[in-house]
Colleague: 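Quick one: the structure is below, and I'll ask about it shortly.
By convention in this document, chain letters (A, B, ...) are assigned in the order of the sequence lines, proteins followed by strands, and residues within each chain are numbered from 1. These figures come from a predicted structure and were not determined experimentally.
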Amino acid sequence: MDMTHSIENSVKDYLQKKYEVTVESFEFQQTRKEFEGDITLVVFPLLRYVKTNPVKLGEELGEHLVKDVEQICAFNVIKGFLNLSFTNSFFVNQLEEIITTQDFGTQQKDEKSDKMMVEFSSPNTNKPLHLGHVRNNLLGHSVSEILKANGKEVFKTQIINDRGIHICKSMLAWQKFGQGETPESTEMKGDHFVGKYYVIFDQKYKVEIKELIEKGHTEEEAKKQAPLLLEAQKLLKKWEENDTETVALWQKMNNWVYEGFEKTYSDLGVDFDKNYYESETYILGKEFVLKGLKDGIFYKKEDGSIWVDLSEDGLDEKLLLRADGTSVYITQDIGTAIQRVKDFQINGLVYTVGNEQDYHFKVLFLILKKLGFAWAEHLYHLSYGMVELPDGKMKSREGTVVDADQLIEEMVTSAQEIAEELGKIDDLEKEEKQKLYQAIGKGALKYFILKVDPRKNMLFDPKESIDFQGNTGPFIQYTHARIQSLKRKANIADFSVIDYKNALDLKEKDIIKHLLKLPSTIAQAGDELNPALICNYTYDLVKLFNSFYQNSPIIIEDKNVTQFRISIADQVAKTIALNLNLLGIESPQRM
RNA sequence: GGUCGCAUAGCUCAGCUGGAUAGAGCACCUGCCUUCUAAGCAGGCGGUCCCAGGUUCGAAUCCUGGUGCGAUCACCA
């Protein structure tokens with residue numbers, strides 16, 4: 001299957017016999033389209049072993065390869081580049097192998113498969129999800145699917161930050177100003193409803209601060225002494241003391257939020273195998289911190305707080321447990337990681353968390369290693385960049401966040417408008433149409449976000465709507481739909497029969513060559529936890545196919561040609577569907 | 001200030017472990033629906049790959065220094 005191996009072996013033998021040198025690695029690249037050939041061997045690196053000029057060596061190797069390797073039929077040498085051409089039958093055979101391979105490009109999981117957990121989303125329960133969460137969710141879901149395609153067993157999880165001062169603020173505001181209204185009575189989505197009270201808290205809190213400053217307090221004092229904040233803190237304390245009424249309120253409001261989140265997750269097409277709740281796990285880490293203390297890995301300060309010294313690893317000292325014995329963020333992360341390994345016997349864990357927490361995860365992984373957990377070697381922080389607006393970062397307090405639910409709805413509406421204008425699906429049932437608008441609108445949104453390298457910050461301009469043309473989800477979906485239409489019209493029962501003696505044209509070869517790269521692309525996307533690679537690959541494939549489609553008629557008189565071309569088309573469609581699925585995007589039959 | 005990351009066309013982004021004349025999309029301009037879906041195809045315009053050194057047959061890519069932007073350095077999460 002992989003031609004580079006046969007070429008490598010042949011060249012290796014040749015150099016050994018002729019020049020008595022042993023060359024271990026060779027450099028190949030795709031032949032640039034302005035030159036003739038299907039693969040290119042770069043000759044320059046070989047000059048280290050064989051002192052001659054690159055063109056001469058290239059010619060020599062070319063002549064040898066044409067004789068020695070059956071699938072190579074021609075070559076040319078330009079400067080230090082040896083361009084090799086494959087035979088017609090090579091391409092036909094490769095296509096046949098691709099078509100007859102079940103789920104070509106992916107690996108099946110078996111008993112020996114790695115068990116990986118992917119954590120993503122992990123929201124606070126005081127406000128609805130925004131565009132930043134959307135990027136997080138889409139990445140987490142896609143990476144999970146990509147890992148599955150690489151033969152891993154995958155568990156998806158989130159940790160819900162359901163406790164703390166933020167939810168108490170919403171609770172307090174609702175108690176004081178809510179007059180008993182509920183999501184039902186206001187017909188609001190639960191997370192938006194609770195978020196509304198978080199905003200109300202902040203507004204009233206600001207008024208109090210202003211009043212205190214006017215009475216002569218410094219800003220800092222005012223922020224700490226504002227009655228509302230003190231009350232919220234009191235509420236948190238009551239919660240920690242398990243006060244029945246407070247816990248009941250906390251549960252009620254959190255449940256409203258969960259209902260809202262459920263809707264958003266379902267809209268995004270993401271789900272989880274298990275939810276962890278911080279209110280249940282925040283105590284977990286403590287015993288391991290204490291154990292670490294006993295083992296001398298950590299140390300205690302005079303005030304009783306527990307620390308770890310990471311200065312030998314180039315980092316600072318880090319607090320692990322407060323003097324009063326309460327836990328901090330990292331304490332619970334230690335416990336949660338240990339719990340997860342216990343619960344699922346995983347041997348790898350991916351944290352989908354923004355790059356603002358790079359330092360935190362460096363520290364966390366180091367601590368787990370120091371505690372002696374072998375699996376700590378297999379923790380990965382999928383550190384993704386911020387979604388920025390034209391005027392900078394999104395800030396919830398300043399109301400510049402892009403709301404997830406609203407954005408999804410807008411995308412679906414846009415899809416509907418475009419589809420209605422084009423009028424190609426007017427004959428579909430109402431329900432079918434709605435499904436299609438959903439698929440296309442979300443396809444546009446998801447692809448828009450996933451095509452960007454996760455590690456990089458990306459820009460979203462709310463004033464400029466997300467495109468449906470060019471390098472977009474709908475463009476790819478469209479190509480899939482068009483191929484389905486071809487298949488319906490071709491009247492061919494079996495797309496897997498390949499018996500073709502005609503000469504392949506350039507575009508057919510290009511498509512087959514690109515299909516051959518699918519396995520390594522999926523593997524690389526898995527290694528790098530990078531869905532953007534799938535986007536790029538799929539986009540390139542679709543462009544190649546569209547060019548082919550538009551320039552060579554597929555359904556023609558000659559049944560043999562039709563059979564061959566429709567088989568290529570079908571395989572392209574299968575590949576699109578496979579890849580879009582890895583991205584969490586649907587592949588419509590029509591559009 | 002220390003640490004980490006980023007800088008490529010007017011805008012948004014690709015560019016794999018160094019390889020041929022740096023690529024797409026959007027925008028702008030020109031063609032193509034009497035033949036399989038024009039959310040498409042063919043083409044044009046557009047670049048000091050942030051700057052300066054270095055490494056070598058060869059650097060957008062690696063190294064050093066600088067500039068700019070961002071993140072982080074909490075008994076917040």
Colleague: So A:K223 and A:Y205, do their side chains get closer than 4.5 Å, heavy atoms only?
Modeller: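 Yes, side chains in contact.
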
Colleague: Using the side-chain heavy atoms of A:I554, tell me which of these nucleotides is nearest: B:A42, B:C36, B:G40.
Modeller: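 Comparing B:A42, B:C36, B:G40 against the side chain of A:I554, the answer is B:C36.
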
Colleague: Kindly give the atom pairs (protein nitrogen or oxygen, nucleotide nitrogen or oxygen) under 3.5 Å for nucleotides 74-77 of chain B.
Modeller:
| residue | atom | partner | partner atom | Å |
| --- | --- | --- | --- | --- |
| B:C75 | N4 | A:D303 | OD2 | 2.6 |
| B:C76 | OP2 | A:R322 | NE | 3.1 |
| B:C76 | OP2 | A:R322 | NH2 | 2.7 |
| B:A77 | OP2 | A:Y329 | N | 3.3 |
| B:A77 | O3' | A:N161 | OD1 | 3.4 |
| B:A77 | O3' | A:N161 | ND2 | 3.4 |
| B:A77 | O3' | A:E278 | OE1 | 3.2 |
| B:A77 | O3' | A:E278 | OE2 | 3.4 |
| B:A77 | O2' | A:N161 | ND2 | 3.0 |

Colleague: Looking for any heavy atom pair under 4.0 Å, which part of the strands does A:Y539 touch: base, sugar-phosphate only, or nothing?
Modeller: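 The answer is sugar-phosphate, as A:Y539 gets under 4.0 Å only of primed atoms, P, OP1 or OP2.
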
Colleague: Hey, does A:T40 reach any base, or is it just sugar-phosphate, or nothing, if we go heavy atoms under 4.0 Å?
Modeller: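 Here A:T40 touches the bases of the nucleic acid.
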
Colleague: Tell me which of A:N530 and A:A481 sits closer to the 5' end of RNA chain B, going by the nucleotide each one is nearest to.
Modeller: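 The residue closer to the strand's 5' end, by nearest nucleotide, is A:N530.
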
Colleague: So, A:F44 versus A:F81, ring centres under 6.0 angstrom or not?
Modeller: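 So the answer is yes for these two rings.
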
Colleague: Does a side-chain heavy-atom distance below 4.5 Å link A:E586 with A:Q438?
Modeller: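 The answer is no, as the side chains (C-beta and beyond) never meet within the 4.5 Å cut-off.
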
Colleague: For B:U21 and B:C49, measure between their P atoms and round to the nearest Å.
Modeller: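 It works out to 15 Å between them.
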
Colleague: When you measure from the centre of the six-membered ring of A:Y198, is the NZ or CZ of A:K127 under 6.0 Å away and within 45° of the axis?
Modeller: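 Yes, A:K127 sits over the ring of A:Y198.
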
Colleague: Within this structure, what is the CG-NZ distance for the pair A:L407 and A:K442, rounded to the nearest 0.5 Å?
Modeller: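 Here the rounded value is 12.0 Å.
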
Colleague: Roughly how far apart, to the nearest Å, are B:A60 and B:U55 at atom P?
Modeller: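 Roughly 16 Å separates the two P atoms.
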
Colleague: May I ask you to say what A:L47 touches in the nucleic acid, namely base, sugar-phosphate or nothing, with a heavy-atom cut-off under 4.0 Å?
Modeller: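 No contact.
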
Colleague: Give the nucleotide from the list B:C36, B:C73, B:G19 with an atom nearest to the side chain of A:F44.
Modeller: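 The answer is B:G19.
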
Colleague: A:E27 has an atom CD; how far is it from atom C1' of B:U61, in whole Å?
Modeller: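 Those two atoms, CD and C1', are 13 Å apart.
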
Colleague: Write down the distance separating the C1' atoms in B:U17 and B:C33, rounded off to the nearest Å.
Modeller: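 It comes out at 46 Å once rounded to the nearest Å.
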
Colleague: With respect to the side chain of A:K393, which nucleotide from B:U21, B:C36, B:A71 is positioned closest?
Modeller: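 Nearest to the side-chain atoms of A:K393, counting from C-beta on, is B:A71.
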
Colleague: Mind calculating the distance between CG (A:D461) and P (B:C26) to the nearest angstrom?
Modeller: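 One finds 17 Å between P of B:C26 and CG of A:D461, rounded.
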
Colleague: Starting from P on B:G15, measure out to CG on A:N536 and report it in whole angstrom.
Modeller: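 Going from CG in A:N536 over to P in B:G15 covers 6 Å.
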
Colleague: Base, sugar-phosphate or nothing for A:A490? Non-hydrogen atoms, less than 4.0 Å.
Modeller: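 Contact class for A:A490: none.
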
Colleague: On a whole-Å scale, what distance lies between the P atoms belonging to B:A27 and B:G68?
Modeller: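 Rounded to whole Å, the distance is 36 Å.
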
Colleague: May I ask you to say what A:P45 touches in the nucleic acid, namely base, sugar-phosphate or nothing, with a heavy-atom cut-off under 4.0 Å?
Modeller: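 Answer is base: heavy atoms of A:P45 come under 4.0 Å of a base.
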
Colleague: Counting only side-chain heavy atoms from C-beta out, which of B:A14, B:C36, B:G19 sits nearest to A:D453?
Modeller: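 The answer is B:A14.
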
Colleague: For RNA chain B, report each stem as range with range, ordered by first number, or say none. Use Watson-Crick or G-U wobble pairs under 3.5 Å, at least 3 in a row.
Modeller: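 Ordered by first number, the stems with RNA chain B (at least 3 consecutive pairs each) read B:1-7 with B:67-73, B:10-13 with B:23-26, B:28-32 with B:40-44, B:50-54 with B:62-66.
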
Colleague: Determine whether the aromatic ring of A:F35 stacks with the base of B:A20, defined as ring centroids separated by less than 5.5 Å and ring planes inclined by less than 30°.
Modeller: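 Check passed, A:F35 stacks on base of B:A20.
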
Colleague: Check whether any side-chain heavy atom of A:Q30 lies under 4.5 Å from a side-chain heavy atom of A:I39, and answer yes or no.
Modeller: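 No, every pair of side-chain atoms sits at 4.5 Å or beyond.
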
Colleague: If you measure from the C1' atom in B:A20 to the same atom in B:G15, how many Å do you get, rounded?
Modeller: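 So the two C1' atoms sit 15 Å from each other.
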
Colleague: Please report the distance, rounded to the nearest Å, between CG in A:D558 and P in B:C36.
Modeller: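 The distance from CG of A:D558 to P of B:C36 comes to 19 Å, rounded to the nearest Å.
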
Colleague: With a cut-off of under 6.0 Å to the ring centre and 45° to the axis, is A:R340 in cation-pi contact with A:Y276?
Modeller: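 Satisfied, under 6.0 Å and within 45°.
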
Colleague: In a check of side chain to side chain donor-acceptor pair (under 3.5 Å) between A:T538 and each of A:T575, A:N579, A:T521, which one passes?
Modeller: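 Per the side chain to side chain donor-acceptor pair (under 3.5 Å) rule, the option paired with A:T538 is A:N579, out of A:T575, A:N579, A:T521.
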
Colleague: Examine A:K318 relative to A:W307 and say whether NZ or CZ is less than 6.0 Å from the centre of the six-membered ring and inside a 45° cone about the ring axis.
Modeller: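 The answer is no, since A:K318 fails at least one limit relative to A:W307.
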
Colleague: Ring centroids only, cut at 6.0 angstrom: are A:Y537 and A:H514 within range, meaning strictly under it?
Modeller: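 Between A:Y537 and A:H514, the centre distance is under 6.0 Å.
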
Colleague: Mind checking the P distance from B:C4 to B:U64? Whole angstroms is fine.
Modeller: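 Straight-line distance between the two P atoms is 11 Å.
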
Colleague: Looking just at side-chain N and O atoms, do A:N530 and A:R455 make a donor-acceptor pair shorter than 3.5 Å?
Modeller: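 Distance-only check fails for A:N530 and A:R455.
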
Colleague: Closer to the 5' end of RNA chain B via nearest nucleotide, is it A:Q469 or A:K33?
Modeller: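 The 5'-side residue here is A:K33.
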
Colleague: Parallel under 30°, tilted from 30 to 60°, perpendicular over 60°: which one fits the rings of A:Y351 and A:F361?
Modeller: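 Aromatic pair A:Y351/A:F361 classed tilted.
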
Colleague: At 4.0 Å (heavy atoms only), tell me whether A:F475 reaches a base, stays on the sugar-phosphate, or touches nothing.
Modeller: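 Here A:F475 touches the backbone only, sparing every base.
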
Colleague: Heavy atoms under 4.0 Å, any strand shown: does A:F468 hit a base, just sugar-phosphate, or nothing?
Modeller: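 Contact class for A:F468: base.
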
Colleague: Quickly work out the A:L450 CG to B:A14 C1' distance and round it to whole Å.
Modeller: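 Taking atom C1' of B:A14 as the reference, CG of A:L450 is at 15 Å.
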
Colleague: OP1 or OP2 of B:U37 less than 4.0 angstrom from a side-chain nitrogen or oxygen of A:K489, does that happen here?
Modeller: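 The answer is yes; a side-chain N or O of A:K489 sits under 4.0 Å from OP1 or OP2.
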
Colleague: Would the number of heavy atoms belonging to other residues, nucleotides or ligands and lying under 6.0 Å from CD of A:E34 be above 12?
Modeller: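 Above 12, so yes.
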
Colleague: Distance check: side-chain N/O of A:R488 vs OP1/OP2 of B:C36, anything under 4.0 Å?
Modeller: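 Result: no.
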
Colleague: Students often get this wrong, so: under 4.0 angstrom with heavy atoms, is A:L459 touching a base, only sugar-phosphate, or nothing?
Modeller: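 Sugar-phosphate contact only - A:L459 comes under 4.0 Å of backbone atoms but never of a base.
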
Colleague: How long is the line joining CG of A:L310 and P of B:C73, in whole Å?
Modeller: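 It is 14 Å, rounded to the nearest whole Å.
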
Colleague: Would you say A:R32 places a side-chain N or O within less than 4.0 Å of OP1 or OP2 belonging to B:G23?
Modeller: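 Yes, because at least one side-chain N or O of A:R32 sits under 4.0 Å from OP1 or OP2 of B:G23.
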
Colleague: Any chance the side chains of A:N254 and A:T125 put a donor and an acceptor closer than 3.5 Å?
Modeller: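 A:N254 vs A:T125: donor-acceptor pair found between side chains.
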
Colleague: Whole Å only: how far is the CG atom of A:N551 from the C1' atom of B:G40?
Modeller: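 To the nearest whole Å, that distance equals 11 Å.
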
Colleague: Consider only side-chain N and O atoms of A:E317 and A:Y299, and report whether a donor and an acceptor are under 3.5 Å apart.
Modeller: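 Yes, because at least one side-chain N or O of A:E317 sits under 3.5 Å from a partner of the opposite role on A:Y299.
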
Colleague: What's the gap between B:G53 and B:U61 when it is taken at their P atoms, as a whole Å value?
Modeller: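 Looking at atom P only, B:G53 and B:U61 are 14 Å apart.
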
Colleague: With a non-hydrogen cut-off below 4.0 angstrom, is A:N83 in contact with a base, only sugar-phosphate, or nothing?
Modeller: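 A:N83: base contact, heavy atoms under 4.0 Å.
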
Colleague: Rounded to whole angstrom, note down the C1' distance from B:A22 over to B:G40.
Modeller: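 One C1' to the other, the span is 27 Å.
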
Colleague: Indicate the ring-plane relationship of A:F28 and A:F26, choosing parallel, tilted or perpendicular according to the 30° and 60° boundaries.
Modeller: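 A:F28 and A:F26: tilted rings.
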
Colleague: Round to a whole Å and report the spacing from NZ of A:K463 to P of B:C11.
Modeller: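 My rounded result for the distance is 15 Å.
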
Colleague: Can you find an N or O donor on one side and an acceptor on the other, under 3.5 Å apart, linking the side chain of A:Q550 with the base of B:G40?
Modeller: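 Yes, a donor-acceptor pair under 3.5 Å.
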
Colleague: Taking the side chain of A:S547 as heavy atoms from C-beta outward, which of B:G25, B:C41, B:U21 is closest to it?
Modeller: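 Taking heavy atoms from C-beta onward, the closest nucleotide is B:C41.
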
Colleague: Report, one pair per line, the protein and nucleotides 2-9 of chain B atoms (nitrogen or oxygen only) whose separation is under 3.5 Å.
Modeller:
| residue | atom | partner | partner atom | Å |
| --- | --- | --- | --- | --- |
| B:A7 | OP1 | A:K456 | NZ | 3.3 |

Colleague: Please work out if A:M386 contacts a base, only the sugar-phosphate, or nothing of the nucleic acid, heavy-atom cut-off 4.0 Å.
Modeller: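 If one applies the 4.0 Å heavy-atom cut-off, A:M386 turns out to touch nothing in the nucleic acid.
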
